[in-house]
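Computation of the quantities below employed the complete heavy-atom set of this structure, encompassing side-chain atoms and omitting hydrogens, waters and symmetry-equivalent molecules. One-based numbering along the sequence shown.
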Amino acid sequence: MEEPQVALDLDFVRSQFPAFQSPVLSSHAFFENAGGSYPCVQVVDRLTRFYRDRKVQPYGPYPGAQAGGAEMDEARTRLAAMMGVARQEVSFGPSTSANTYVLAQAVRTWLAGGPGKSSGGAVVVTNQDHEANSGVWRRLADEGIEVREWKLDRATGSLDLETLDSLLADGKVKLVCFPHCSNVIAEINDVTAICAMAKAAGARTVVDGVSYAPHGFPDVAALGCDVYLFSAYKTFGPHQGIMVLREGFGMELPGQAHFFNHGVLYKRHTPAGPDHAQIAACAGMADYIDALAARHGITGDPAARNRGVHDLMRAQEVAVIQPLLDYLGQRNDVRLLGPRDAGRRAPTVAVELDRVAEPVSEELGRNGIACWAGDFYAVRPLEALGIDLEKGVLRMSAVHYTSAEEVARLIAALDLVL
């Protein structure tokens, strides 16, 4: 791979997103990306084409069905290649919450001693997670499965590796579930180190990547996890959940779909009929990554191009969001959650205020800033940090298409409303 020689071409990037030309959306600086990013034009075009020319049962023996099936296959094949995994290891579902729920049902049988599957074992969860990667695992305790909590540091919000080491020490843990980064604390966890620790202790790993993947698609093979989950609607695509489930673990888990589909990994744990059009449109996300790679002289195979674009995105985000962190860190009337160093976190910035947060987000809306406030389904981490859920937090989230000028507008608006 050739290293990028120039910074991210922001004009080119923003030209790839119809929202920036929308009279409805372009009036505000958009800082609600953690709730759902803008879709790129490649996704919009593919989705439109599918509904216009392919909206039939795919894979049938006629042109529209063949074209639709081919585009669904293309999405799976290209995304898998980008993330360094086999195409059968990429599953689509209606959302990450739904995918995680289905996965938990498979794990429940596996750990409870389903026929020939396992002799039981404990599960580790964190209180740093969005509820989608916490509640489903905690409910396994109702089946008599031991659930151990990896608790965050109340002062920093961080997950300490020594604490995990103690939870793994007796060798009973069979699964460790944790976030790549929290959707309110935003510190980037050392996934590779955590997965290596878990593997050494005989445990599988499930990583919630929903809050990280918008900042660069992961190299799943390098991370070493058994499952990586993220949401396409937060990675510039349609409303689909994407689950990378490595074959060794996926085929070991009891199938959750029609019995006659259990031999096909990407169907094995997908009980609902897939949204054909949205799966096909996910190939547009790969189109976009390739367009960025070509624009910036990044070459190599799909995984190499993806790594190069990932690094380009992250460099842009770090540079743009650091002034906001510096500004908030200097105020004594807000509590900034997570690291003050942009290089250690995703550009998702949550703050505790001295008042209820949602009216502040509404006031920001009247001043040209689109963001929101609340608990963001991160009830457990906020409680662990001692934050009043009735007040919630104000959250401002960027991605690589966020400009320095928009961050300056946000800071100016915060000066007015805080």
Item to check | Chi angles and distances behind the side-chain contact (heavy atoms from CB on, under 4.5 Å) call for D208, H130 | outcome: CA-CA 9 Å; D208 178 357; H130 182 288; 4.2 Å; yes

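- When only modelled atom types and interatomic distance are considered, N189 and Y212 share no side-chain donor-acceptor pair under 3.5 Å.
- From H296, atom NE2 reaches atom CG of L8 across 4.5 Å, with rounding to the nearest 0.5 Å.
- Of the charged side-chain nitrogens involved, at least one lies within less than 4.0 Å of a carboxylate oxygen, so that R87 and D73 count as a salt-bridged pair.
- Between atom CZ of residue R78 and atom CG of residue N306 there is a gap of 11.5 Å, rounded to the nearest 0.5 Å.
- In this structure, the side chain of N127 engages the main chain of L152 through a donor-acceptor pair within 3.5 Å.
- Cation-pi geometry between R76 and Y266 is met: under 6.0 angstrom from the ring centre, within 45 degrees of the axis.
- With salt bridges taken as basic N to acidic carboxylate O contacts below 4.0 Å, none links R409 and E406.
- Note on D354 versus K391: no salt bridge recorded, every NZ/NE/NH1/NH2 to OD/OE distance being 4.0 Å or above.
- In this view, T348 satisfies the side chain to side chain donor-acceptor pair (under 3.5 Å) rule with no residue, not counting sequence neighbours.
- Annotation: Y401 is not in aromatic contact with F30 [ring centroid separation under 6.0 Å not met].
- Remark: of the listed residues H400, R345, H180, E317, E317 is the sole one forming a side chain to side chain donor-acceptor pair (under 3.5 Å) with H215.
- Separation of atoms CD1 (I242) and CG (L229) is listed at 10.5 Å; rounding is to 0.5 Å.
- In this structure, P39 and P18 approach most closely via the heavy-atom pair O-CD, 3.6 Å.
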Next on the checklist: ring-ring contact (aromatic ring centres under 6.0 Å, His included), that's the test. Do Y101 and W137 meet it? Break it down for me.
Outcome noted: CA-CA 9 Å; Y101 180 85; W137 306 114; over 10 Å; no

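- A distance-only check finds no donor-acceptor pair linking the side chain of S26 to the backbone of Q21 [under 3.5 Å].
- Nearest approach of K267 to A257, heavy atoms of both residues: O-CB, 3.1 Å.
- Figure legend: cation-pi geometry between R14 and F20, with NZ or CZ positioned under 6.0 Å from the six-membered ring centre and within 45° of its axis.
- In this structure, the side chain of N367 does not engage the main chain of A413 through any donor-acceptor pair within 3.5 Å.
- Under the 3.5 Å distance criterion, with hydrogens and angles disregarded, no donor-acceptor pair is assigned to the side chains of D45 and T48.
- Nearest heavy atoms, A75 versus A280: CB-O, 4.3 Å.
- Rounding to the nearest 0.5 Å gives a distance of 10.5 Å between CG of D153 and CD of Q128.
- Using a distance-only test at 3.5 Å, with no hydrogens or angles considered, no donor-acceptor pair links the side chain of D129 to the main chain of E131.
- When the shell of 6.0 Å around CD of E390 is examined, it contains 12 or fewer heavy atoms from other residues, nucleotides or ligands.
- One side chain, E187 or S158, offers a donor N or O that lies under 3.5 Å from an acceptor on the other.
- By the side chain to side chain donor-acceptor pair (under 3.5 Å) test, E358 is found to be paired with W372, residues two or more places apart in sequence or in another chain being considered.
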Could you list the donor-acceptor pairs under 3.5 angstrom formed between side-chain atoms of residues 319-328 and any protein atom two or more places apart in sequence or on another chain?
residue: Q322; atom: OE1; partner: A342; partner atom: N; Å: 2.8
residue: Q322; atom: NE2; partner: D326; partner atom: OD1; Å: 2.8
residue: Q322; atom: NE2; partner: R340; partner atom: O; Å: 2.9
residue: Y327; atom: OH; partner: R331; partner atom: NH1; Å: 2.6
residue: Y327; atom: OH; partner: D415; partner atom: N; Å: 3.4
residue: Y327; atom: OH; partner: D415; partner atom: OD1; Å: 2.9

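- Here the CG-CD distance, from L394 to E352, works out to 11.5 Å after rounding to the nearest 0.5 Å.
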